[in-house]
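Heads up, the thing below is written out as structure tokens.
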Amino acid sequence: MDSDSGEQSEGEPVTAAGPDVFSSKSLALQAQKKILSKIASKTVANMLIDDTSSEIFDELYKVTKEHTHNKKEAHKIMKDLIKVAIKIGILYRHNQFSQEEVVTVEKLRKKLNQTAMTIVSFYEVEYTFDRNVLSKLLHECKDLVHELVQRHLTPRTHGRINHVFNHFADAEFLATLYSLDGDCRPNLKRMCEGINKLLDEKVL
């Protein structure tokens, strides 16, 4: 399950999409082929990473690149996020979680729902944003993800989980994202539109 190398594999497009184009869907398909090399298909990848989530991930990439000023690091963060999401999705869909872990799944669902609603509320109601509140929620999500996959995935994947959540929970990143007159405001608007759609559809 967790044997992917994380390196560029043969067949992954390097320049075809251009130097400044990022696609979560494309990255999800690449990760899918590595993780489920024998049964990977576009249908499976679409099931695990839906279009709305892909759009949110694409906006996250843009704001991460803007904040870090490092395209390579932004790509690595999103690649780690997508790999972790796909692996958890595969474990869940193949009923690999124990009864105790299913309880953790439900805790994680509730925490993600709370976090998603907080992200949207802080955007929609001006001057309510509190970086410490949102950072704490994201770290709590991180702890639940670690707990959930402890028995299933390798230390390398736990490192990826830390890499992803430590970035998005960073107070300075959150301040950049929510700056009322900052460059990330349009990206945050599109992210919140996507999150609202997932909330309406009971995905989150």
Side-chain angles (χ1 to χ4, degrees), residues 1-6 9 12 23-61 76-120 134 136-169 191-192 194-204:
M1 174 74 71
D2 199 43
S3 60
D4 57 292
S5 65
S9 70
E12 286 188 15
S23 168
S24 294
K25 184 67 73 176
S26 173
L27 205 56
L29 285 167
Q30 291 172 24
Q32 192 74 18
K33 286 173 185 174
K34 286 183 176 182
I35 297 165
L36 293 175
S37 59
K38 293 183 180 178
I39 61 171
S41 69
K42 191 169 184 177
T43 302
V44 177
N46 285 347
M47 179 179 69
L48 292 171
I49 304 290
D50 61 86
D51 288 340
T52 303
S53 296
S54 292
E55 290 165 7
I56 295 169
F57 287 178
D58 289 347
E59 297 302 326
L60 279 172
Y61 167 75
K76 179 70 168 64
I77 289 168
M78 296 311 301
K79 192 172 183 179
D80 284 351
L81 171 59
I82 289 166
K83 283 184 176 180
V84 169
I86 286 176
K87 287 176 181 179
I88 291 174
I90 291 167
L91 287 169
Y92 184 75
R93 283 170 174 79
H94 287 79
N95 300 312
Q96 295 299 302
F97 293 129
S98 66
Q99 285 187 321
E100 292 81 4
E101 288 164 343
V102 168
V103 172
T104 303
V105 168
E106 289 308 309
K107 287 180 183 177
L108 179 57
R109 280 185 193 276
K110 290 178 181 177
K111 187 60 64 176
L112 286 172
N113 176 269
Q114 180 187 2
T115 303
M117 290 193 294
T118 302
I119 288 169
V120 172
L134 193 47
K136 181 174 182 288
L137 284 170
L138 287 164
H139 279 298
E140 288 170 355
C141 288
K142 177 184 71 174
D143 292 343
L144 285 168
V145 173
H146 276 305
E147 181 182 337
L148 180 63
V149 302
Q150 182 68 46
R151 190 171 63 90
H152 302 277
L153 303 179
T154 67
R156 184 170 190 172
T157 295
H158 285 281
R160 288 193 177 107
I161 293 165
N162 285 332
H163 187 221
V164 169
F165 279 97
N166 289 346
H167 164 69
F168 290 122
M191 285 166 52
C192 287
I195 291 170
N196 267 328
K197 185 177 179 183
L198 295 179
L199 287 167
D200 289 343
E201 294 172 355
K202 308 297 184 186
V203 176
L204 280 173

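Count residues from 1 along the sequence. None of the values given here were measured: they were computed from a predicted structure. As a basis for the values below, the full set of heavy atoms in this structure was taken, side chains included, without hydrogen atoms, waters or symmetry mates.
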- Hey, mind stepping through Thr104 and Phe97 against side chain to side chain contact (heavy atoms under 4.5 Å, CB included) and telling me if it holds? CA-CA 9 Å; Thr104 303; Phe97 293 129; over 6 Å; no
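- When every heavy atom of Ala116 is checked against every heavy atom of Ile195, the shortest pair comes out as CB-CG2, 3.7 Å.
- Closest approach of Ser98 and Arg151 over heavy atoms only: N-NH2, 3.8 Å.
- The number of heavy-atom neighbours closer than 6.0 Å to OH of Tyr92, taken from other residues, nucleotides and ligands shown, is 12 or below.
- Legend: residues meeting ring pair (Phe, Tyr, Trp, His ring centres under 6.0 Å) with His158, ordered by chain and number and at least two apart, are His146.
- Residues satisfying the salt bridge (charged side-chain N to carboxylate O under 4.0 Å, His left out) test with Glu55, not counting sequence neighbours, are none.
- From Asp50, atom CG reaches atom CG of Leu198 across 5.5 Å, with rounding to the nearest 0.5 Å.
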- Dump the intermediate steps for side chain to side chain contact (heavy atoms under 4.5 Å, CB included) on Val203 and Thr52, then the final yes or no. CA-CA 10 Å; Val203 176; Thr52 303; over 6 Å; no
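- Closest of all the heavy-atom pairs between Leu138 and Phe165 is O-CD2, 3.3 Å.
- A distance of 10.0 Å separates CG in Leu137 from CE in Met117, rounded to the nearest 0.5 Å.
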- Evaluate the side chain to side chain contact (heavy atoms under 4.5 Å, CB included) criterion for residues Arg156 and Lys83: first the C-alpha distance (whole Å), next the side-chain angles of each, then the deciding distance (0.1 Å), finally the verdict. CA-CA 11 Å; Arg156 184 170 190 172; Lys83 283 184 176 180; over 6 Å; no
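- Val145 places none of its side-chain heavy atoms less than 4.5 Å from the side chain of Val164.
- In this structure, CD1 on Ile119 lies 6.5 Å from CE on Met191, to the nearest 0.5 angstrom.
- Here Lys110 pairs with nothing under the salt bridge (charged side-chain N to carboxylate O under 4.0 Å, His left out) rule; sequence neighbours left out.
- Closest approach of Lys87 and Thr157 over heavy atoms only: NZ-OG1, 3.4 Å.
- The two residues His152 and Leu148 come nearest to each other via the heavy atoms CD2-O, 3.7 Å.
- With rounding to the nearest 0.5 Å, the separation of CZ in Arg160 from CD1 in Ile82 is 12.0 Å.
- The CG atom of Leu144 sits 13.0 Å away from the CZ atom of Arg109 when rounded to the nearest 0.5 Å.
- Nearest heavy-atom pair, Phe57 versus Met78, reported as atom, atom and distance to 0.1 Å: O-CE, 3.3 Å.
- For Gln96 (side chain) and His94 (main-chain N/O), a donor-acceptor pair under 3.5 Å exists by modelled atom type.
- In this structure, Lys142 NZ and Asn162 CG are separated by 5.0 Å, a value rounded to the nearest 0.5 Å.
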